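Below: one structure, written as structure tokens.
Here the structure is a predicted model, which is why all the values come from computation and not from measurement. Both backbone and side-chain heavy atoms feed into the values below; hydrogens, waters and symmetry mates do not.
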Amino acid sequence: MAENTYLIRGAAILGGEAEDLLIRDGMIEARGKDLAADGATVIDAAGLIALPGMVDVHTHLREPGREDAETVETGTRAAALGGFTAVHAMANSNPVADTAGVVEQVHSLGRASGWVDVRPVGAVTVGLAGEQLAELGAMADSRAQVRMFSDDGICVHDPVLMRRALEYVKAFDGVVAQHAQEPRLTAGAQMNEGTVSAVLGLTGWPAVAEESIIARDVLLAQHVGSRLHVCHVSTAGSVEIVRWAKARGINVTAEVTPHHLLLTDELVRSYDPVYKVNPPLRTDADVQALREGLADGTIDVVGTDHAPHPSEHKECEWAQAAMGMTGLETALSVVQETMIETGLMSWADFARVTSFTPAVIGRVADQGRPLEVGEPANVILVDPAARWTVDPHKMATMGRNSPFKGKELPGSVVATFFKGHPTVLDGQLNTPYRYPEVISN
């Protein structure tokens, strides 16, 4: 067999016509009908869809410091199984990723693991405290080449500090990813403010707490001429504000999570903390608006907000439970169910919101590329006809807090090629890609 040479036969490219893909030495060498290559490992992809590897702009890998919840190794294994070839690792680790040293550590851990491309997200403020800017320039100049900055989990609520951050990142074409949550409007909040919260007697989390920050920040981005990215949009009003901003030519992008595309606050009636998340699950009307916003391009990308927690932080009373859900291994299936099987999007649209556009937002040059000759071979093969039942205990992530436990979902990732190397084959982990410096060590 010719090492590093793979011939994928009969895959529907972006859900279109079936073709062959020849992968050699990390690149797509040929695409067409009836291809042949001596010694190549042949993969029968009849009935499968070939897509570019997914890129997640919003992942929590927890390392360093919170390895009881997740590690770079376990999180990136989950990512590969979910069809991802790149993830952006959020900064709320311990220590916080607010210096060149910490982001370089996360970057090195990702390369040592070799399952996906790990792009650290730098903190906007020192220690996520919202008081002074972190070392944005040093992180941008580091080996990690950070281009996305976020205090995710905490809103940069000071408008002067937010303005300064937006101005600062312009120097190196960076982007500030805002967790839109006005803290004074959400003090003690436990779930979405609405009919269900009133019935349950839980402190409500009003939509305006999210929408007011987005409205402020798009105006700040317009004022300074910088890039703004809005994390996990969750309300119909937020979609309208982003739509308005884009119509004005403001350089804003937005993401939605898979769970906000499917789940509603009605689930909180069970008091099961697996449904406790930030921002909270909203109403069915919000869900429909989010789907429509993703379909029409108002919302640019799907970001998982994969947030694993130790079981003791979720298997407790609602008020004490941590906020967050896992998402890397279920994202593709949930988007297939909510967007493709509903007729709102095609598989080509899926590639746009899960690969092409996320790579552009994060400035990841060799990811989110077309499946064409001469492009990097970051490719996944998906069986759209598969059905599977979610069992968190069978997942690669350490987190067991999946809100889809026991639910049957469509679609499965059969193979993931990262830099031309099969990290996943037949739906199972294969072997990681080895970077040259890892091999030499």
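A donor and an acceptor atom, one from each side chain of Asn251 and Arg227, are nowhere located under 3.5 Å apart. Between the side chains of Asp152 and His58, a donor-acceptor pair is found at a separation under 3.5 Å. For the 3.5 Å distance criterion, the side chains of Thr71 and Glu63 fail to qualify, holding no donor opposite an acceptor. In the model, Thr235 has no side-chain atom that pairs as donor or acceptor with a side-chain atom of Arg282 under 3.5 Å. Side-chain atoms of Thr397 and Glu329 include no donor-acceptor pair closer than 3.5 Å. Using a 3.5 Å distance cut-off with no hydrogens or angles, the side chains of Ser311 and Arg400 do not pair a donor with an acceptor. Remark: the Thr264 side chain and the Asp284 side chain contain no N/O donor-acceptor pair separated by less than 3.5 Å. For the residue pair Ser212 and Glu182, no side-chain donor N or O sits within less than 3.5 Å of a side-chain acceptor on the partner.
No donor-acceptor pair closer than 3.5 Å links the side chain of Asn4 to the backbone N or O of Arg24. Not one N or O on the side chain of Asp305 forms a donor-acceptor pair closer than 3.5 Å with the backbone of Thr257. Without hydrogens or angle criteria, Asp296 side chain to Thr298 main chain gives a donor-acceptor distance under 3.5 Å. Here the side chain of Arg147 pairs a donor or acceptor atom with the backbone of Ala140 at under 3.5 angstrom. The backbone N or O of Asp286 lies less than 3.5 Å from a partner atom in the side chain of Thr283, making a donor-acceptor pair. At least one donor-acceptor pair under 3.5 Å links the side chain of Asn401 to the backbone N or O of Ala307. No donor-acceptor pair closer than 3.5 Å links the side chain of Lys246 to the backbone N or O of Ile299.
With respect to Asp366 and Lys419, a salt bridge is recorded, a charged nitrogen being found less than 4.0 Å from a carboxylate O. Ion pairing between Asp272 and Lys405 fails under the 4.0 Å rule for side-chain N and carboxylate O. Salt-bridge formation is detected for the pair Glu17/Lys33: a Lys NZ or Arg NE/NH1/NH2 atom is positioned less than 4.0 Å from an Asp or Glu carboxylate oxygen. Of the charged side-chain nitrogens involved, none lies within less than 4.0 Å of a carboxylate oxygen, so that Glu167 and Arg164 do not count as a salt-bridged pair. A salt bridge is absent between Asp44 and Arg9: the closest approach of a Lys/Arg side-chain nitrogen to an acidic carboxylate oxygen does not fall below 4.0 angstrom.
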Would you please test Gln178 and Val156 for side-chain contact (heavy atoms from CB on, under 4.5 Å) and show each step? CA-CA 7 Å; Gln178 176 69 295; Val156 181; 3.8 Å; yes

Mind running side-chain contact (heavy atoms from CB on, under 4.5 Å) on His223 and Leu166 for me, showing each step along the way? CA-CA 10 Å; His223 182 68; Leu166 288 166; over 6 Å; no

Give the C-alpha distance, both sets of side-chain angles, the deciding distance and a yes or no for side-chain contact (heavy atoms from CB on, under 4.5 Å) between Leu202 and Trp318. CA-CA 10 Å; Leu202 293 175; Trp318 178 275; 3.9 Å; yes

What do the steps show when you test Thr74 against Glu70 for side chain to side chain donor-acceptor pair (under 3.5 Å), and what is the final call? CA-CA 6 Å; Thr74 59; Glu70 191 80 285; 2.5 Å; yes

Please walk me through it: do Met148 and Ile361 pass side-chain contact (heavy atoms from CB on, under 4.5 Å)? CA-CA 8 Å; Met148 181 177 284; Ile361 292 170; 3.8 Å; yes

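Ring planes of Phe417 and Tyr6: perpendicular class, angle over 60° (limits at 30 and 60°). Ring planes of His309 and His313: tilted class, angle from 30 to 60°.
More than 12 heavy atoms of other residues, nucleotides or ligands shown are found within 6.0 angstrom of CD on Glu372. Remark: Arg66 CZ is packed, more than 12 non-hydrogen atoms of other residues, nucleotides or ligands lying under 6.0 Å away.
Of the inter-residue distances, the one linking Asn92 atom CG with Asp98 atom CG reads 11.5 Å to the nearest 0.5 angstrom. The OG1 atom of Thr195 sits 8.0 Å away from the CG atom of Asp265 when rounded to the nearest 0.5 Å. In this structure, Ile154 CD1 and Leu128 CG are separated by 5.0 Å, a value rounded to the nearest 0.5 Å. A distance of 7.5 Å separates CE in Met162 from SG in Cys155, rounded to the nearest 0.5 Å. In this structure, the separation between CG on Asp34 and CD on Glu19 is 11.0 Å, given to the nearest 0.5 Å. The CE atom of Met90 lies 10.0 Å from the CG atom of Asp151; values are rounded to the nearest 0.5 Å.
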Only distances under 3.5 Å count here; give the side-chain donor-acceptor pairs of residues 408-416 to other protein atoms, sequence neighbours excluded, each with its distance to 0.1 Å.
unit_1 : atom_1 : unit_2 : atom_2 : d
Glu408 : OE1    : Arg387 : NE     : 3.2
Glu408 : OE1    : Arg387 : NH2    : 3.3
Thr416 : OG1    : Ala80  : O      : 2.9

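The one candidate from Ile28, Ile23, Thr41 that meets the side chain to side chain contact (heavy atoms under 4.5 Å, CB included) condition with Ile8 is Ile23.
Val196 places a side-chain heavy atom less than 4.5 Å from the side chain of Arg269. Residues Glu337 and Lys407 have side chains in contact (heavy-atom distance under 4.5 Å, counting atoms from C-beta outward). Residues Leu14 and Leu51 meet the side-chain proximity criterion, which asks for heavy atoms closer than 4.5 Å. With contacts defined as side-chain heavy-atom distances shorter than 4.5 Å, the pair Leu429/Val424 qualifies. Side chains of Val252 and Gln222 form no contact here, defined as non-hydrogen atoms less than 4.5 Å apart. Residues Leu262 and Val287 have side chains not in contact (no heavy-atom distance under 4.5 Å, counting atoms from C-beta outward). Side-chain atoms of Leu281 and Trp205, non-hydrogen and from C-beta on, never get closer than 4.5 Å to each other. Using a 4.5 Å cut-off on side-chain heavy atoms (C-beta onward), Leu332 and Phe350 make contact.
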